[in-house]
Trainee: 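Quick one: this structure, given as structure tokens, is what I'll be asking you about.
Just so you know, residue 1 is the first one in the sequence shown, and it goes up from there.
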Amino acid sequence: MSQVDETLAAYESIAARYDELNARMDTAGLVARFVEAVDRYGPGGRRLLDAGCGTGRSSVAFRERGFEVTGYDLSPAMVAMARRRPGAEEIGFLVGRLQEPPPGLTGFDMVACVDVPMAYLTGTDQLRQALTAARDQLAEDGVLVFDLNTIGYYRRMFSVPTVADRGDRYVVRFAQSPRIEADAVVVTQFDLFERNGAGWERLSMRHVQQHHSDRTVREVAEQSGLHVVAAHGLVGTSTRDPADETDHDRILYVARRAG
């Protein structure tokens, strides 16, 4: 199974329960950081493309902040959930990959990739294809805003097995990769155990991601016709400057068309 197929299978299997299992995620807080970036660096327009939109949580959050939103995602099941989300009635949702988006998506003031969808791009070729596609989706003075996990985050979260005990539910996660290195692929195993009567049910997923270092992001962006104009560290949903690959959880990048 290819990495793309494995990612698709993981999200297809969990789509109906994705929001429930991620209920503690502060999507509104994360979207607020994206909006701050576009307000500071963007052209002032409100036409936004939510690339890798998942079940549409971020799309609706952007819509509530006054953006005209279109979203697309790799998983048809996730897109189906997005289309049924309350508040998404005026949002158009499509199916497509970051590297091969649906046709006709151009002229956006902002392209947003929220909650690290670009981490699932393994290899610089996939990252370059996705960044090139985003460049082509932007208006002349538009901005691309995306977040990526730091090497410190991968090491803190996945270097040793972690068990979250939630009563009738246990979540186990750990890295299958023997060592977590900069710019390397990180394969993580997630196992969800839930009580079902006298027994337990198990749902297992593998997520194949890659750490993309700051140097790699900037180099590949330039090769894709983009120029990184800002990089802010994130701890949770709080901004930290300057961005630090070791101490912070994510880096929030802002890029414009080069030249």
Side-chain angles (χ1 to χ4, degrees), residues 4 7-8 11-12 15-16 18-19 22 25 27-121 126-148 221 224-226 229 252-257:
V4 173
T7 299
L8 177 59
Y11 281 102
E12 289 283 284
Y18 180 84
D19 290 338
N22 290 275
M25 179 181 170
T27 301
L30 186 57
V31 164
R33 305 291 82 77
F34 277 69
V35 172
E36 290 169 359
V38 74
D39 286 346
R40 180 175 180 181
Y41 302 101
R46 309 302 282 181
R47 189 162 181 253
L48 182 146
L49 179 63
D50 191 2
C53 65
T55 61
R57 291 169 63 163
S58 55
S59 303
V60 170
F62 282 122
R63 182 75 181 85
E64 290 172 346
R65 288 176 171 268
F67 288 90
E68 176 190 341
V69 183
T70 301
Y72 73 93
D73 194 83
L74 170 72
S75 165
M78 298 284 273
V79 169
M81 295 297 295
R83 288 170 177 162
R84 295 195 293 270
R85 175 176 293 281
E89 295 80 11
E90 297 182 24
I91 301 174
F93 289 107
L94 304 167
V95 176
R97 300 166 56 190
L98 295 178
Q99 311 95 299
E100 298 176 10
L105 298 177
T106 59
F108 289 92
D109 301 299
M110 175 185 180
V111 175
C113 294
V114 181
D115 195 21
V116 299
M118 285 195 181
Y120 289 91
L121 303 173
Q126 288 190 21
L127 182 60
R128 187 180 302 110
Q129 291 167 6
L131 291 176
T132 300
R135 179 205 64 199
D136 293 342
Q137 292 161 348
L138 290 171
E140 185 174 350
D141 52 356
V143 291
L144 166 65
V145 186
F146 60 100
D147 57 345
L148 284 169
S224 306
L226 292 166
V229 296
L252 181 68
Y253 288 97
V254 184
R256 291 196 188 104
R257 286 173 176 262

Trainee: Counting distance only, does the side-chain N/O of Arg256 pair as donor-acceptor with the main-chain N or O of Val229 below 3.5 Å?
Mentor: no
Trainee: Within this structure, what is the CG-OH distance for the pair Leu74 and Tyr11, rounded to the nearest 0.5 Å?
Mentor: 10.0 Å
Trainee: Find out whether Arg135 and Leu144 are in side-chain contact, i.e. whether some heavy atom of one side chain is under 4.5 Å from a heavy atom of the other.
Mentor: no
Trainee: Look up atom OH in Tyr18 and atom CE in Met81, then write down how far apart they are to the nearest 0.5 Å.
Mentor: 11.5 Å
Trainee: Met118 versus Leu131: any side-chain heavy-atom pair under 4.5 Å?
Mentor: yes
Trainee: How are the rings of Phe146 and Tyr253 set relative to one another: parallel (under 30°), tilted (30 to 60°) or perpendicular (over 60°)?
Mentor: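 Plane angle under 30°, so parallel.
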Trainee: Do you know which two heavy atoms are closest between Leu148 and Ala119, and how far apart they sit?
Mentor: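 Where Leu148 meets Ala119 most closely, the heavy atoms are CD2-N, 3.6 Å.
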Trainee: If you look at every heavy atom in Ala112 and Phe34, which pair is closest and at what distance?
Mentor: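 Closest pair (atom of Ala112, atom of Phe34, distance): CB-CD2, 4.1 Å.
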Trainee: Please find the pair of heavy atoms, one from Gly52 and one from Asp73, that lie closest to each other, and give the distance.
Mentor: C-OD1, 3.3 Å
Trainee: Hey, could you give me the OH/CE distance between Tyr41 and Met110, rounded to the nearest 0.5 Å?
Mentor: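 Answer for the OH-CE pair, Tyr41 versus Met110, is 12.5 Å.
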Trainee: Taking Asp115 first and then Arg57, would you say they form a salt bridge - that is, a charged N and a carboxylate O separated by under 4.0 Å?
Mentor: no
Trainee: What do the steps show when you test Asp19 against Arg85 for salt bridge (charged side-chain N to carboxylate O under 4.0 Å, His left out), and what is the final call?
Mentor: CA-CA 10 Å; Asp19 290 338; Arg85 175 176 293 281; 2.3 Å; yes
Trainee: How far apart are the C-alpha atoms of Leu121 and Gln129, what are their side-chain angles, what is the distance that settles it, and do they pass the side-chain contact (heavy atoms from CB on, under 4.5 Å) test?
Mentor: CA-CA 9 Å; Leu121 303 173; Gln129 291 167 6; over 6 Å; no
Trainee: Please answer whether the main-chain N or O of Leu252 pairs with a side-chain N or O of Asp147 as donor and acceptor at a distance below 3.5 Å.
Mentor: no
Trainee: Rounded to the nearest 0.5 Å, what separates atom CG in Leu226 from atom CG in Leu138?
Mentor: 7.0 Å
Trainee: If you count heavy atoms of other groups shown closer than 6.0 angstrom to CD of Glu140, is the number above 12?
Mentor: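 Result for CD/Glu140: open.
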Trainee: Decide side-chain contact (heavy atoms from CB on, under 4.5 Å) for Asp50 and Ile91; before the verdict, give the C-alpha distance in whole Å, the side-chain angles of both, and the deciding distance to 0.1 Å.
Mentor: CA-CA 10 Å; Asp50 191 2; Ile91 301 174; over 6 Å; no
Trainee: Could you tell me which non-hydrogen atom of Val111 sits nearest to which non-hydrogen atom of Ala134, and how far apart they are?
Mentor: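 That closest heavy-atom pairing would be CG2-O, 4.2 Å.
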Trainee: Say you draw a straight line from OG of Ser59 to CZ of Phe93; how long is it, rounded to the nearest 0.5 Å?
Mentor: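 Nearest 0.5 Å value for the OG-CZ distance: 4.0 Å.
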Trainee: Does any non-hydrogen side-chain atom of Leu8 lie less than 4.5 Å from one of Pro76?
Mentor: yes
Trainee: With a 3.5 Å cut-off and sequence neighbours excluded, list the donor-acceptor pairs that the side chains of residues 60-70 form with protein atoms.
Mentor:
from  : atom 1 : to    : atom 2 : distance (Å)
Arg63 : NH2    : Glu90 : OE1    : 2.4

Trainee: About how many Å separate CG of Asp109 and CG of Leu49, when rounded to the nearest 0.5 Å?
Mentor: 11.0 Å
Trainee: Does the side chain of Thr106 reach to within under 4.5 Å of the side chain of Gln137, using non-hydrogen atoms?
Mentor: no
Trainee: Tell me the closest heavy-atom pair linking Gly56 and Ala82, and the distance in Å.
Mentor: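 Minimum heavy-atom contact is N-CB, 3.7 Å.
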